[in-house]
Amino acid sequence: MENRSCSRRAKNARRIIYLDNAATTLPKPTGVANAVKRAVECFAANPGRGAHALSQSSARELYEARKTAACFFGADEPEKVIFTPGCTYSINFVLKGILRTGDHVVISDLEHNAVVRPLHTLEKYGVTVTRAHVCENDPEQTVRNFCRAVRRNTRLVFCTHASNVSGIRLPIEDIGDMCARLGIPFGVDAAQSAGVLPLSLAGQKVDYICVPAHKGLYGAAGTGALIMREEKIIGTVIEGGTGSASSLSTQPEEYPDRLESGTLNIPGITAMRAGIEFVNRCGAENIARHEYALICRAYDGLRSINGVKLYTMRPERESHVPLLPFNIGDLASEECSQMLSDEGIAVRAGYHCAYDAHLSLGTAGRGAVRICPSVFTSGEDIDSFIAAVKKITQKS
């Protein structure tokens with residue numbers, strides 16, 4: 001695996017075993033930190049806002065980052081990559097840019113609040129929403145549920161690629177085929193899959209891919225992207241200066257300017273480029289193999305402990321991402337998380353900003369403890385986590 005010495009130094013510097021990578025990956029590759037430093041020192045001028053050399057160098061760096069993301073996600077033109085302040089913004093751009101009064105949208109019953117809350121707002125303006133039930137390890141039934149939810153006025157199908165609570169994968173290839181047959185745009189929240197699962201506009205019938213930089217792409221927080229198949233004109237959520245067509249009071253129709261108002265986060269975008277390059281060097285397939293081995297090791301270890309409640313099947317590649325929810329006895333998930341923290345293990349507990357997914361999972365009463373490894377997690381980390389859970393069960 002690339003950058004092993006840096007990985008060892010990062011591990012030695014940590015005081016805790018970090019298994020909260022579904023929230024944000026930690027540590028970051030050395031190249032990502034270096035990219036942020038270089039951007040602050042070399043690309044601080046505003047790109048596209050001047051003819052001087054410093055502005056032009058920032059613009060070139062921005063374009064290279066756009067090309068890197070376009071290649072990674074299979075966009076045929078760099079201009080189809082829209083940089084945003086994060087995946088949540090990307091999702092809002094799609095939902096609020098497409099849906100209008102009288103429209104109908106189909107989502108899954110596992111969605112994050114980044115999808116649920118914008119749609120709740122849009123419902124006040126006459127948009128209707130149907131949730132399709134996701135059946136664990138039954139992609140055919142899941143697709144049938146999506147198909148049955150479609151109406152004559154369905155304007156968009158939008159769903160997560162994988163649940164951030166249960167790790168359950170959705171069959172987006174088959175859902176995309178359905179949408180293509182029906183002529184309905186299809187958008188995907190790839191917050192838990194980008195960098196781990198294959199996802200490409202060129203290889204899958206997805207029209208909008210929404211991604212964060214700070215998770216499986218190993219970039220910095222506060223940055224994300226929306227990748228579009230076609231440059232269809234969608235409504236704007238934010239308007240402002242773009243460095244182009246400044247004499248017009250209306251927002252430009254050309255992309256990426258149409259959705260990129262204001263000064264962009266060049267350090268974050270540069271870090272995102274470095275993170276994607278890190279994933280490319282390691283190989284997404286190698287990262288996935290490593291993480292799946294670890295999460296199955298954790299699952300098998302937890303399954304052997306009396307008092308541990310598991311909510312999903314063994315997280316195999318065909319049905320899940322490498323992520324796992326559980327609880328211990330009657331402990332509140334937050335209390336369990338605190339006890340693990342006392343043992344030097346960092347996890348996430350509660351509702352994970354996705355209450356709908358907990359309703360589907362049966363954990364709406366207390367939430368769940370969630371673990372997720374990264375490329376920097378070791379087998380020894382997982383063994384220490386399992387030992388800590390055993391210790392807690394003996395106390396409770």
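Distance check: M272 CE to T223 OG1 gives 8.0 Å after rounding to the nearest 0.5 Å. Summarising the geometry, atom CZ belonging to F93 is positioned 13.0 Å from atom CD1 belonging to I98; distances are rounded to the nearest 0.5 Å.
Scanning all heavy atoms of the two residues, the minimum distance from A45 to S55 falls at CB-N, 3.7 Å. Taking both residues in full, the closest heavy atoms of S374 and L294 are given as O-CD1, 4.3 Å, listed atom of the first, atom of the second, then distance. The two residues A69 and V81 come nearest to each other via the heavy atoms CB-CG1, 4.0 Å. When all heavy atoms of N286 and C282 are compared, the pair lying nearest together is ND2-O, 2.8 Å. Closest of all the heavy-atom pairs between T270 and A39 is OG1-CB, 3.8 Å. Minimum heavy-atom separation, L201 to G74: CB-O, 3.6 Å.
Listed for the E61 side chain is no donor-acceptor partner under 3.5 Å among the backbone atoms of I266. Distance alone, capped at 3.5 Å, places no donor-acceptor pair between the Y208 side chain and the F158 backbone. In terms of modelled atom types and a separation under 3.5 Å, the side chain of D109 and the main chain of V134 share a donor-acceptor contact. Of the possible donor and acceptor atoms, none in the side chain of D207 sits under 3.5 Å from a partner among the backbone N and O of G187. Between the S58 side chain and the P47 main chain, no donor and acceptor come within less than 3.5 Å of each other. Under the 3.5 Å distance criterion, the side-chain polar atoms of T101 are matched with a main-chain donor or acceptor of Y125. Judged by distance alone, with hydrogens and angles left aside, the side-chain atoms of S57 form a donor-acceptor pair with the main-chain N or O of L54 at under 3.5 Å. With hydrogens and angles ignored, the 3.5 Å screen pairs a side-chain donor or acceptor of D138 with a backbone N or O of Q141.
With respect to E231 and K80, no salt bridge is recorded, no charged nitrogen being found less than 4.0 Å from a carboxylate O. For the pair E254 and R258, the salt-bridge criterion is not met [side-chain N within less than 4.0 Å of a carboxylate O]. By the 4.0 Å N-to-carboxylate-O rule, R273 lies close enough to E277 to be salt-bridged with it. Electrostatic pairing of R229 and D76 does not count as a salt bridge here, judged by no charged N lying under 4.0 Å from a carboxylate O. A salt bridge links K67 to E64: at least one charged side-chain nitrogen sits closer than 4.0 Å to a carboxylate oxygen. Salt bridge R314/D300: present, at least one basic N to carboxylate O contact under 4.0 Å. Ion pairing between E111 and R131 fails under the 4.0 Å rule for side-chain N and carboxylate O. Salt-bridge check for R297 with D383: passed, with a basic side-chain N closer than 4.0 Å to an acidic carboxylate O. Salt bridge D20/R348: absent, no basic N to carboxylate O contact under 4.0 Å.
Between Y351 and V165, the closest side-chain pair of non-hydrogen atoms is not below 4.5 Å. A heavy-atom distance below 4.5 Å is found between the side chains of I382 and L19. The shortest side-chain heavy-atom distance between N153 and D103 does not fall under the 4.5 Å cut-off. In this structure the side chain of F385 never reaches within 4.5 angstrom of the side chain of T377, judged on heavy atoms. You'll find the side chain of T128 reaches within 4.5 Å of the side chain of R151, heavy atoms only. Between R370 and L324 there is no side-chain heavy-atom pair separated by less than 4.5 Å. Within the 4.5 Å cutoff, the side chain of I82 has no heavy atoms near those of the S90 side chain. You'll find the side chain of T25 stays beyond 4.5 Å of the side chain of H214, heavy atoms only.
For the residue pair S333/N327, the side-chain donor-acceptor check at 3.5 Å is not satisfied. Donor-acceptor pairing under 3.5 Å is lacking for the side chains of S337 and E334. There is no side-chain donor-acceptor pair under 3.5 Å between Q251 and E239.
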Steps toward side-chain contact (heavy atoms from CB on, under 4.5 Å) verdict (N145, R148): CA-CA 5 Å; N145 293 342; R148 290 168 184 163; 3.8 Å; yes
CA sep, side-chain torsions, deciding dist, call: M178, F146, side-chain contact (heavy atoms from CB on, under 4.5 Å): CA-CA 9 Å; M178 178 201 77; F146 269 85; 4.2 Å; yes
Trace of the side-chain contact (heavy atoms from CB on, under 4.5 Å) decision for S360 with H133: CA-CA 8 Å; S360 178; H133 177 58; 4.0 Å; yes
V369/L331 under side-chain contact (heavy atoms from CB on, under 4.5 Å): CA gap, chis, key distance, verdict: CA-CA 10 Å; V369 183; L331 285 177; over 6 Å; no
CA sep, side-chain torsions, deciding dist, call: E41, K37, salt bridge (Lys or Arg N to Asp or Glu O under 4.0 Å): CA-CA 6 Å; E41 293 176 346; K37 182 176 185 293; 2.7 Å; yes
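With T160 as the partner, the side chain to side chain contact (heavy atoms under 4.5 Å, CB included) test is satisfied by one option alone out of I168, L170, I172, I107: L170.
Contacts of E380 classified as side-chain hydrogen bond (donor to acceptor under 3.5 Å, both in side chains), with partners at least two apart in sequence or in another chain: S378.
Around CZ of R144, the count of heavy atoms belonging to other residues, nucleotides or ligands within 6.0 Å exceeds 12.
For the pair K309 and Y311, the cation sits on the ring face: its NZ or CZ lies under 6.0 Å from the ring centre, inside 45° of the axis.
Residues Y63 and F43 place their aromatic rings such that the two centres sit no closer than 6.0 Å. When ring centroids are compared, H112 and H352 stay outside the 6.0 Å threshold.
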